[in-house]
Structure formats: structure tokens, C-alpha cells
Number of protein chains: 2
Amino acid sequence: MQSALRSFKASIFQALAHPCRIAIVEALREGELSAGAIQERVGVEQANLSQHLAVLRSRQIIVNRKEGNQVFYSLRDPVLIEVLDIMRRYFQANLSQAIAMLEEVEAERQPQ
Amino acid sequence: MQSALRSFKASIFQALAHPCRIAIVEALREGELSAGAIQERVGVEQANLSQHLAVLRSRQIIVNRKEGNQVFYSLRDPVLIEVLDIMRRYFQANLSQAIAMLEEVEAERQPQ
DNA sequence: TGCGAATATTCGATAGATCGAATATACTAA
DNA sequence: TTAGTATATTCGATCTATCGAATATTCGCA
């Protein structure tokens, strides 16, 4: 049973394990937004955004509400904002290592 | 630059996006452990554990210290424990949905 | 009814993650 | 040196994620 709990946690982390989905969650910090408004802020293909929203929906991280033509999204539980804030502190507290790590990631992304 | 921060956060979440690695981090809650001791608690193949440790090391989530024959691991920054604790609260606050979600995941794992 | 806008889904290609098996490395002790 | 223990790395197979392109759905309005 405790391994089921870990699977649950892992699946939440997995849902957040993409820069685009983090941007979505951050965009929803202040309140609900339509899919189109999210797209403006995140700047990604419509279909791709919709896929990312589906990932977050499937983990119940966000919920949606339809109004006419549009679909409005919001965070189901704002505690995740807390997690992102802690991550920011974590990042700042370890800035030099984080930057080194990012450079490494960048270097791997564009070989030579 | 804000997108670099999101990549960083995403890479941390990605590192935690596996039940086995969550078990490792939880095992290190109380302090450092040798790789062998971690293996006992997590219950996974030696090579596989070592691969998971490598993932956590590459994100600087854990650090290691060699002593003779053994390698001792510990959390580099205990703030991650805070994150896991928040996740526990999140889980408890949303228990019914979480259980529904887990059942769904289970059902997909064993079709028919 | 039929068109256009907003959003979602499906598909196929590519890239990345995971695993066990085999092997390598590093250290200790005889 | 040799054997043994602890840990790490490499390899190849399989599974999962991501993306853009194409298409489907849903709704409001003329």
C-alpha cells in the first residue's frame, strides 16, 4: 500500500516534469484562465497545449469548466503553488549548482 | 531566463517521477545510508538501484561520500523533504480522487 | 442549416526512460 | 598478487513521452 502512495506521488511529479506544464500551473496561480489565454502566455501550438492540459487533467491537477465556446481551467488544489514556491527557494539557495546543471543540460541539448 | 528556471524545476520533478526514486529520497529522510542499505529498504535490483541513484545524483538531489568499500548517500538539501511532506498533505486532502485515480491506473496496467 | 471559432483527439515519427544481464571499477583482506 | 565484496556502467530490448499535422467535436451565430 505504501508503494501505491509512492506511485501516486510519482505520477504527480511526472505530470509536472515538463517546462510547459509548469508554465501552465504558474499561469493559473492567480485564478482561472481559458485555454486560449493559457496558450497566449505559454506560447505553444494549440494541439500541443491541449495535450499538456490533458496530462494535468488526468492527474486532477487542474479542473475545467465549460462556458459557451470556451473552456476555463483552474488549479484544483493551490497547494501545488506552494511546491513551486519551495522549488524557487531551492533554486535560489543552490544557484551556482543549479546553473552548472542547466549548462550541462543545455550542452547535451545542442551537441557541439 | 524564466524558462531556464522552469527547465530546472521540470528536471527536478522528472528526477522524482519514479516510485523507486521517491522511496530512495524517503529512505534518506533520517540521514545518510550506504547504497546497500538503501537497496535493502527499497527492494530493487542492485544495478537498477545504481541507475536510479545516478539520476538523483545528476540532478544534485543527493550527494555521495565514499568510505572504504562503501558509498554513503544523503540528501543535499532537505527542502525536498518539505516538498514530499506537502505532497502527503495534498494526497490526504484529496484522498477520494487520488484513490479513484490509482484504480484507474491499476485498471490500465492489467487490461481485462 | 451551415459557417467559424475554440478546444480536443488521433496518428505516426522521434526521442527519452526503464529494466535485467553482463561487465567494469574500486577497495579490503588474506 | 588474488579473491571477494560493494558499487557503477554499458548494452540492447521495450515501453512511454513529446511533437506537429491532420482531423474531430462543440458551440454560437447568421
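Protein chains get the first letters and strands the later ones, always in sequence-line order, with residue 1 at the start of each.
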For A:Asp85, give me all partners under salt bridge (Lys or Arg N to Asp or Glu O under 4.0 Å), at least two apart in sequence or on another chain.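 Checked A:Asp85 against salt bridge (Lys or Arg N to Asp or Glu O under 4.0 Å); matches are A:Arg29, A:Arg88.
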
Just checking, is any N or O donor in the side chain of B:Arg65 or B:Tyr73 under 3.5 Å from an acceptor N or O on the other one?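 Distance-only check fails for B:Arg65 and B:Tyr73.
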
Considering the options A:Val63, A:Leu56, A:Val25, which one meets the side-chain contact (heavy atoms from CB on, under 4.5 Å) requirement together with A:Leu75?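 Output: one option passes, namely A:Val25.
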
For residues A:Arg59 and A:Ile12, report the shortest heavy-atom separation together with the two atoms involved.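 Minimum heavy-atom contact is O-CD1, 4.0 Å.
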
Do A:Phe8 and B:Ile24 land in one hydrophobic cluster if side-chain heavy atoms of ILVMFWY residues count as linked below 4.5 Å?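 Linked, A:Phe8 and B:Ile24 end up in one cluster.
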
Tell me whether B:Leu33 shares a hydrophobic cluster with B:Val44, the cluster being built from Ile, Leu, Val, Met, Phe, Trp, Tyr side chains joined at under 4.5 Å.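 Yes; B:Val44 is reachable from B:Leu33 via cluster members.
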
Between [Y] and [X], is there a side-chain heavy-atom distance shorter than 4.5 Å?
X       : Y       : result
B:Met87 : A:Phe13 : yes
A:Arg76 : A:Ile62 : no
B:Ile38 : B:Leu28 : yes

Rounded distance [0.5 Å steps], OH in B:Tyr90 versus CD in A:Gln60: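 Between atom OH of B:Tyr90 and atom CD of A:Gln60 there are 7.5 Å.
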
Looking for any heavy atom pair under 4.0 Å, which part of the strands does A:Gln46 touch: base, sugar-phosphate only, or nothing?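 Answer is base: heavy atoms of A:Gln46 come under 4.0 Å of a base.
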
If you look at every strand shown and take non-hydrogen atoms under 4.0 Å, does A:Gln51 touch a base, only sugar-phosphate, or nothing?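 The answer is base, as A:Gln51 lies within the cut-off (heavy atoms under 4.0 Å) of a base atom.
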
Looking at residues 22-45 of chain B, who's got a heavy atom less than 4.0 Å off DNA chain C?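 Per residue number, the list reads B:Glu45.
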
Which of residues 66-74 of chain B sit near DNA chain C, with a heavy atom under 4.0 Å from it?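 Listed by number, they are B:Gly68, B:Asn69.
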
Give a yes/no answer on whether the side chain of A:His18 brings an N or O atom under 4.0 Å of OP1 or OP2 in D:dC19.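 So the side chain of A:His18 is within the cut-off, an N or O lying under 4.0 Å from OP1 or OP2 of D:dC19.
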
In whole Å, I'd like the distance from the CZ atom of B:Arg57 to the P atom of D:dT7.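 Nearest whole value for this atom pair: 12 Å.
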
Quick one: A:Phe13 CZ to D:dA17 P, roughly how many Å, whole number?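 Going from CZ in A:Phe13 over to P in D:dA17 covers 17 Å.
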
Can you list the steps and then say if A:Glu82 with B:Glu82 is a side chain to side chain contact (heavy atoms under 4.5 Å, CB included)? CA-CA 10 Å; A:Glu82 241 184 284; B:Glu82 240 183 285; over 6 Å; no

Which comes earlier along DNA chain D counting from the 5' end, the contact point of A:Ala47 or that of A:Gln14, where each point is its nearest nucleotide?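 By nearest-heavy-atom nucleotide position, the 5'-most residue is A:Gln14.
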
Keeping the roles fixed (side chain from A:Arg21, backbone from A:Leu16), state whether a donor-acceptor pair exists under 3.5 Å.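 It does not hold such a pair.
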
Can you give me the bend angle of the helix from C:dT1-D:dA30 to C:dA30-D:dT1? Use the axis through the first five pairs and the one through the last five, nearest 10 degrees.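 Inter-axis angle at the ends, rounded: 10°.
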
Reading DNA chain C in the 5' to 3' direction, which nucleotide is the first one with an atom under 4.0 Å from a heavy atom of chain B, and which is the last?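 The contact span of chain B on DNA chain C goes from C:dA17 to C:dT28.
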
So which pairs with a foot in residues 37-49 of chain B pass side chain to side chain donor-acceptor pair (under 3.5 Å), sequence neighbours left out?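 Sorted result for residues 37-49 of chain B: B:Asn48-B:His52.
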
